[in-house]
**Student:** 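Following this message is one structure expressed as C-alpha cells.
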Amino acid sequence: MTRAGRIAYITGWYILLLFISVSLIEPGYAAEKKFRNVIVMVPDGCSSAHTTISRWYKGSPLALDRMALGGVRTYCANSLITDSAPAATAFATGHKSSDKFIGVLPGPSTIPGAPAITEDLKYKPVATVLEGAKLTGKSVGMVVTVNMQHATPAAFSAHWPDRSDYNEIAKQQVFLGVDVVFGGGKKYLLPKEKGGTRTDGEDLIEVLRSKGYAFAETKGAMAKVKGTKVWGIFADDYMAFDFDRAKARPQEPSLAEMTQKAIEILSKNPKGFLLLVEGSKVDWASHAHDPVGVVSEVLAFDDAVGVALDFAKKDDRTLVLAFTDHGNGGMSVGSQETDRTYSKLSYEAMFGPLKKAILTGEGVEGMLGPDPSEEKIKTVVAEYYAIKDLSSDEIKALGGSKKVGPILGRMMSKRVGIGWTTSGHTGEDVFLYHYGYNKSLPMMENTGIAHMVARALGFDLATVDGRLFAPADKVFANTGTHVSIDKTNPANPSLIVERGGTRAELPLGKNIMRIKSSGTEYTMEGIAVLAPKTDKVYLPKQAATLFEKAAGR
C-alpha cells in the first residue's frame with residue numbers, strides 16, 4: 001500500500017470511529033436536557049410481539065410509533081429474569097434489587113453486571129424519582145389499572161422487601177403525600193371491621209380526607225374533581241380489562257381517561273410534575289396466555305400514550321418515556337401450529353377470530369359464573385369469545401375449572417397461531433420509546449432510566465437519598481440521645497427518640513414526629529422506614545432539626 005493509500009486508509013478509519021463515538025455520545029448529551037414535566041409509562045409485561053399483534057389488530061400505527069427508540073436490559077440483582085418489583089425499583093431508584101423487593105437495595109447480587117452491595121447497605125431503603133420530584137416542589141402522580149399497592153406503583157412510593165405486603169405499602173403511600181392517585185385497591189386502605197384487610201385498625205381513606213384529599217370512586221366523581229389533591233380508587237382490588245369494562249364495570253374510567261385527568265390536575269403546578277402511568281394488566285393477560293386480553297390492554301395503554309404525547313407536543317417542556325419492565329409469556333406471532341404453514345399465514349386467519357371476540361378470558365369467566373351448564377358454556381363462549389367450535393374435551397375443561405380465562409386464552413391462541421413459551425416472565429431486552437430527545441438512545445440498563453428522569457427534572461438521586469434515608473442512629477447522634485424501636489403493638493411499631501425531658505415518637509411507615517410532652521406533631525419531608533431484615537430505621541435528616549426544635553435548642 002502506498003503512503004497516500006495508508007493515509008487515506010487511516011483517515012477513513014478515523015472518520016468512521018469519530019462517527020461511531022459521536023453517535024454514542026450524543027444521546028448522553030440529549031439525556032442532560034432539562035424538562036418541566038416527565039411522564040413515565042409502563043405497559044407491564046409487554047414485549048415486541050405484544051405491540052406487533054396489537055398494531056395488526058388495530059390496523060393502523062400505534063401512538064408508540066410516533067416516538068423515537070432506545071433499548072433496555074431488564075435483569076435484576078439475583079436473576080436473569082426479573083420480577084416486576086425489582087424491575088420497577090431499578091427504574092424508580094437507579095439500583096438493581098432482589099426478587100420481590102420494592103424501593104430497597106438488594107441482598108446478595110449474583111448476576112454479572114449487578115453491582116455488589118456492602119453488608120451495611122443491604123436492604124436499605126433508597127430514594128425514588130417520585131420522592132426526588134416532590135422535594136423540588138413538583139407535583140407527583142400515579143395511574144394504574146390494578147391495585148395501587150401493586151409492584152410498579154409501590155416501587156415508586158414505598159420501601160419494603162415484600163411486594164405482597166399491601167397493608168404496609170398502602171400506609172407508606174398515603175403518608176408519602178402523592179398528589180394524584182388513580183387505580184384500584186380500596187380494601188387495602190380499610191380496616192377489617194370496615195370490610196378491608198388492614199390489621200392495624202387504620203382507616204386510610206379517612207386519613208386521606210383529613211389531609212385535604214378528594215376521594216373519588218367512580219368515573220363521574222373523578223371528572224368532577226377540581227382540586228389538586230385526589231385519590232381515585234375505582235375497585236376493591238384490581239380494575240377490569242378495558243374490553244370488559246363497559247359490560248362488567250361501567251363506573252370505572254379507562255386508563256386514557258385517568259391519564260388525561262391526572263395531567264389536567266398535575267399541570268396546574270407551575271413548577272411541573274412527574275407522572276407514572278402503568279398499563280398493568282398486559283402482564284396479567286400474558287400470564288393467562290390470553291391474546292384478546294393482551295390486545296385489550298396494549299391498545300388501552302396506547303390510548304393513554306396518545307394522551308401524554310398530545311400534551312407533550314403542546315407543552316414542549318415534557319419528556320415522555322414508555323417502556324416495559326420485562327417480557328411475559330414468550331408471546332410470538334407464530335406457534336407450533338404454524339410450523340409448516342407460517343409462510344402462508346394470512347391476516348384473516350389470525351385476526352378474524354380475534355376481532356370477533358367481545359370480552360377477554362377474564363370477562364367471559366365472569367359471564368359464565370360458577371358451575372355453568374354445557375349449553376351455557378357453548379353459548380357464552382361463542383357470543384363473547386368467538387369460539388363456536390368447542391370440542392367436548394374443551395367444554396369439559398371449561399366446566400371443570402374455576403379459572404377459565406387461561407383455558408380460553410390457550411384455545412384462542414391455538415386457533416389463530418399465536419405462540420407462548422412460558423406462563424411466567426421472560427428476560428429479553430426491550431424497547432424504550434421516548435418523546436422529547438428526538439433522537440435514538442443507546443441500549444441502557446433499566447437503572448439508567450431513573451437517572452435519566454432525575455437529570456431531566458434537575459436533581460441527583462444520590463443527594464435525595466442522603467437527605468431522606470439516613471440511619472436513625474446517625475441522625476440522632478448527639479450525646480445523651482437514646483434511640484429505640486417500640487414494637488409493643490406489632491401492627492404499629494414506632495421509633496422512639498429520647499433526651500432529657502423530650503420524647504419523640506415516629507410511627508414507622510409514616511412521615512410524622514409526635515412530641516409526647518407538648519402534644520406537638522411535626523410533618524417530615526419523607527417517611528420513617530424500618531428495614532425489617534436488619535431492624536434498622538432510616539428517616540429524613542430533617543428529623544434531627546425537628547427534634548432539636550422540640551427540645552428547645
Side-chain angles (χ1 to χ4, degrees), residues 43 45-59 240-248 279 281-301 327-339 341-342 344-369 372 374 376-424 426:
C46 177
S47 64
S48 61
H50 295 66
T51 50
T52 300
I53 289 168
S54 299
R55 185 186 297 106
W56 277 116
Y57 181 101
K58 182 182 179 183
F241 277 100
D242 196 66
F243 278 8
D244 303 337
R245 190 164 43 84
K247 193 166 190 65
K281 293 181 73 171
V282 179
D283 183 71
W284 292 29
S286 301
H287 281 301
H289 291 183
D290 181 3
V292 180
V294 166
V295 170
S296 165
E297 300 312 284
V298 171
L299 293 183
F301 174 78
N328 191 339
M331 192 182 198
S332 60
V333 184
S335 67
Q336 291 184 347
E337 304 299 322
T338 64
D339 277 352
T341 60
Y342 62 83
K344 299 177 182 178
L345 182 62
S346 69
Y347 176 87
E348 182 59 32
M350 179 170 288
F351 293 99
L354 284 178
K355 286 195 169 187
K356 291 176 183 176
I358 299 172
L359 300 179
T360 70
E362 182 178 286
V364 173
E365 184 177 299
M367 293 294 294
L368 286 173
E374 179 176 323
K376 185 175 183 179
I377 291 171
K378 290 163 59 176
T379 301
V380 169
V381 171
E383 180 177 357
Y384 294 105
Y385 208 70
I387 296 179
K388 300 180 180 180
D389 59 346
L390 288 172
S391 69
S392 57
D393 286 343
E394 288 176 329
I395 293 172
K396 184 177 180 181
L398 291 169
S401 175
K402 293 182 179 179
K403 294 291 294 181
V404 304
I407 299 173
L408 284 170
R410 289 190 289 271
M411 291 176 182
M412 178 66 82
S413 296
K414 182 176 181 179
R415 283 167 167 79
V416 301
I418 288 175
W420 303 89
T421 63
T422 176
S423 294
T426 52

**Student:** Using only atom types and a distance under 3.5 Å, with no angle test, would you say the side chain of S401 pairs donor to acceptor with the backbone of A397?
**Tutor:** no
**Student:** Can a salt bridge be assigned to the pair R245 and D242 using a cut-off of 4.0 Å between side-chain N and carboxylate O?
**Tutor:** yes
**Student:** Between S332 and W420, is any side-chain donor less than 3.5 angstrom from a side-chain acceptor?
**Tutor:** no
**Student:** Looking at K58, I'd like to know if its NZ atom is crowded, meaning that more than 12 non-hydrogen atoms belonging to other residues, nucleotides or ligands lie closer than 6.0 Å.
**Tutor:** yes
**Student:** Can you tell if the side chain of M350 reaches within under 4.5 Å of the side chain of Y57, non-hydrogen atoms only?
**Tutor:** no
**Student:** Is there a side chain to side chain contact (heavy atoms under 4.5 Å, CB included) between F351 and I53? Walk through the geometry before answering.
**Tutor:** CA-CA 9 Å; F351 293 99; I53 289 168; 3.9 Å; yes
**Student:** When you look at NZ of K247, are more than 12 heavy atoms from neighbouring residues, nucleotides or ligands closer to it than 6.0 Å?
**Tutor:** no
**Student:** Do the side chains of K414 and S335 get nearer than 4.5 Å, heavy atoms only?
**Tutor:** no
**Student:** To the nearest 0.5 Å, how far apart are CE in M331 and CD1 in I418?
**Tutor:** 4.5 Å
**Student:** Is the shortest heavy-atom distance from the side chain of L398 to the side chain of L390 under 4.5 Å?
**Tutor:** yes
**Student:** P43 and F301: which non-hydrogen atoms are nearest, and at how many Å?
**Tutor:** CD-CZ, 3.5 Å
**Student:** So which atom in A357 and which in V292 form the shortest heavy-atom distance, rounded to 0.1 Å?
**Tutor:** CB-CG2, 3.8 Å
**Student:** Main chain of G405, side chain of E365: is a donor-acceptor contact present, judged purely on distance under 3.5 Å?
**Tutor:** yes
**Student:** I'd like to know if the side chain of S346 reaches the main chain of A349, judged simply by a donor and an acceptor atom lying under 3.5 Å from each other, with no hydrogens or angles considered.
**Tutor:** yes
**Student:** Has the side chain of S286 got a donor or acceptor atom that lies under 3.5 Å from a matching backbone atom of V282?
**Tutor:** yes
**Student:** What distance separates F243 CZ from L299 CG, expressed to the nearest 0.5 Å?
**Tutor:** 6.0 Å
**Student:** Please determine if E394 and R415 form a salt bridge, counting it only when a charged side-chain N lies under 4.0 Å from a carboxylate O.
**Tutor:** yes
**Student:** Without swapping roles, check the side chain of S413 against the backbone of G409 for a donor-acceptor pair under 3.5 Å.
**Tutor:** yes
**Student:** Do V381 and L408 touch side chain to side chain, with heavy atoms closer than 4.5 Å?
**Tutor:** yes
**Student:** Taking side chain as C-beta onward, heavy atoms only, is H289 less than 4.5 Å from S423?
**Tutor:** yes
**Student:** For W56, is there any backbone N or O sitting under 3.5 Å from a side-chain donor or acceptor partner on Y347?
**Tutor:** yes
**Student:** Going from CE on M367 to NZ on K376, what distance comes out if it is rounded to the nearest 0.5 angstrom?
**Tutor:** 7.5 Å
**Student:** Let me see the working for V298 and C46 under side chain to side chain contact (heavy atoms under 4.5 Å, CB included), right down to the final yes or no.
**Tutor:** CA-CA 8 Å; V298 171; C46 177; 4.1 Å; yes
**Student:** Side chains of L368 and V364: closer than 4.5 Å at any heavy-atom pair?
**Tutor:** yes
**Student:** Checking the side chain of D290 only, and the main-chain atoms of P406 only, is there a donor and an acceptor separated by less than 3.5 Å?
**Tutor:** no
**Student:** To the nearest 0.5 Å, what is the distance between CD on E348 and CG on L354?
**Tutor:** 10.5 Å
**Student:** Test your reading of the model: is there a side-chain donor-acceptor pair from H50 to the backbone of S47, 3.5 Å cut-off?
**Tutor:** yes
**Student:** If we only count heavy atoms from C-beta on, is the I407 to K403 side-chain gap below 4.5 Å?
**Tutor:** no
**Student:** Grab the two heavy atoms, one from T421 and one from G330, that are nearest each other, plus how far apart they are.
**Tutor:** OG1-CA, 3.3 Å
**Student:** Is any side-chain heavy atom of M412 closer than 4.5 Å to one of P353?
**Tutor:** yes
**Student:** CG/D244 to OG1/T360 distance, rounded to the nearest 0.5 angstrom?
**Tutor:** 3.5 Å
